[in-house]
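Atoms within each ligand, like the ligands themselves, are counted from 1 in listed order.
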Amino acid sequence: MDETEGEPARRPSTQAETARANRSWWDADAADYYEEHGSFLGDAELVWGPEGWTEAQLQVLGDPRNLAGADVLEFGGGAAQGARWCALQGAHVVSSDLSAGMLARAVDIDARRPGPAPELVQADATRLPFAEDSFDVVLSAYGAVPFVADSAGLMTELARVLRPGGRLAFSTTHPIRWAFPDLPDEAGLRAVVPYFDETPYVEEGPHGRAIYVEHHRTLAHRVAEIIDAGLRLVALHEPEWAPDNRETWGGWSPLRGQYLPGTVILVAEK
Ligand SMILES: C[S@@+](CC[C@H](N)C(=O)[O-])C[C@H]1O[C@@H](n2cnc3c(N)ncnc32)[C@H](O)[C@@H]1O
């Protein structure tokens with residue numbers, strides 16, 4: 001993500017600092033984010049990432065007809081477009097997000113749009129206000145996972161609210177991208193930092209105060225966190241750039257999409 005204005009640094013950041021910084025950042029950025037990306041995302045589509053693929057195309061969650069009657073939780077849902085798509089398939093949906101600003105965009109969409117509106121909940125995905133075994137499907141497109149320090153704890157929390165036999169699916173920045181500058185052009189094609197260095201990316205304001213934080217895990221560590229949470233990994237997708245997608249999103253571009261994966265989608269079952 002490139003929409004920040006602070007001084008970039010690589011340094012440790014606790015879960016508390018990360019959550020405080022990112023809540024404020026997403027609150028402040030919510031309007032600009034939807035101005036810039038809202039039409040690409042649609043109001044009621046589950047778009048898995050800047051490559052441009054939708055759930056209707058990839059069917060990461062399986063046959064969409066199986067969503068009818070299912071209890072679905074979207075975490076880090078932003079304006080809840082993914083949850084809205086699931087609702088159109090007949091699911092009972094809750095969309096949650098850390099940021100009131102992002103949830104306000106969901107309220108705006110539901111106010112102007114006919115059709116089923118998801119239940120909206122403000123929550124840090126590492127501490128969800130739901131009982132265990134509450135959902136058949138737990139999903140997110142780029143929500144929360146890159147933005148938490150305790151990603152192992154996040155996996156455990158997502159597993160807790162999932163029913164036995166239920167499915168977790170989430171997309172996040174492909175870990176290999178951390179070795180490359182976050183630039184959409186040729187400069188973003190040359191590895192400059194070690195892939196194995198998991199030091200967080202922190203944008204700092206005055207006095208070193210974190211105003212935006214992203215966390216990196218190698219692919220091996222992401223998979224290990226899923227397994228350690230008691231889940232069974234059932235698929236790992238590295239979607240190629242969609243041929244008709246001309247949209248550049250920060251460091252994600254048609255050019256880089258020819259050479260490097262930008263998104264990983266991990267799918268697991270309880
Ligand atoms: C890149 S946006 C993705 C939003 C939406 N899924 C989409 O595709 O537009 C990341 C979202 O994660 C949310 N987020 C960040 N940290 C979170 C946390 N700890 N718990 C829940 N949501 C979080 C942000 O508020 C933001 O809405």
Report, in ascending order of atom number, the atoms of ligand 1 lying under 4.0 Å from any heavy atom of [X].
X	answer
A123	20 (N), 21 (C)
G77	5 (C), 6 (N)
D124	18 (C), 19 (N), 20 (N)
V148	19 (N)
L41	9 (O)

Under-4.0 Å salt bridge between E132 and K270:
no

So for ligand 1, is [X] a polar contact partner (N or O within less than 3.5 Å, distance only)?
X	result
A125	yes
G76	yes
A141	yes

Is there a side-chain contact between R209 and R20 (heavy atoms, below 4.5 Å)?
yes

What do we get for Y34 next to ligand 1 when only non-hydrogen atoms under 4.0 Å count, side chain, backbone, both or neither?
side chain

Would you mind telling me if ligand 1 is within reach of the side chain of F75, the backbone, both or neither, using heavy atoms under 4.0 Å?
neither

Could you name the option among [options] that has the heavy atom nearest to [atom]?
atom	options	value
atom 14 (N) of ligand 1	A144, G101, A80, A30	A144
atom 25 (O) of ligand 1	D97, L98, T172	D97
atom 7 (C) of ligand 1	Y142, Y33, W48, F147	Y33

Could you walk me through whether T54 and Q57 pass the side chain to side chain donor-acceptor pair (under 3.5 Å) test, one step at a time?
CA-CA 5 Å; T54 64; Q57 293 168 312; 3.3 Å; yes

May I ask whether V93 and M102 are part of the same hydrophobic cluster, defined by side-chain heavy atoms of I, L, V, M, F, W, Y residues being less than 4.5 angstrom apart, directly or through others?
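Cluster IDs for V93 and M102 differ.
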
Can you hop from L255 to W252 via hydrophobic side chains spaced under 4.5 Å?
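No, because L255 and W252 fall into different hydrophobic clusters, even though each may have its own neighbours under 4.5 Å.
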
Is A19 close enough to touch ligand 1? Criterion: a residue heavy atom under 4.0 Å from a ligand atom.
no

Contact between ligand 1 and A79 is defined here as a heavy atom of the residue under 4.0 Å from a ligand atom; is it met?
no

Give a yes or no answer on whether the side chain of [X] reaches the backbone of [Y] with a donor-acceptor pair at less than 3.5 Å.
X	Y	value
R10	T199	yes
N245	P50	yes
Q81	L41	no
R160	L128	yes

Donor on one side chain, acceptor on other, S171 and T263, under 3.5 Å
no

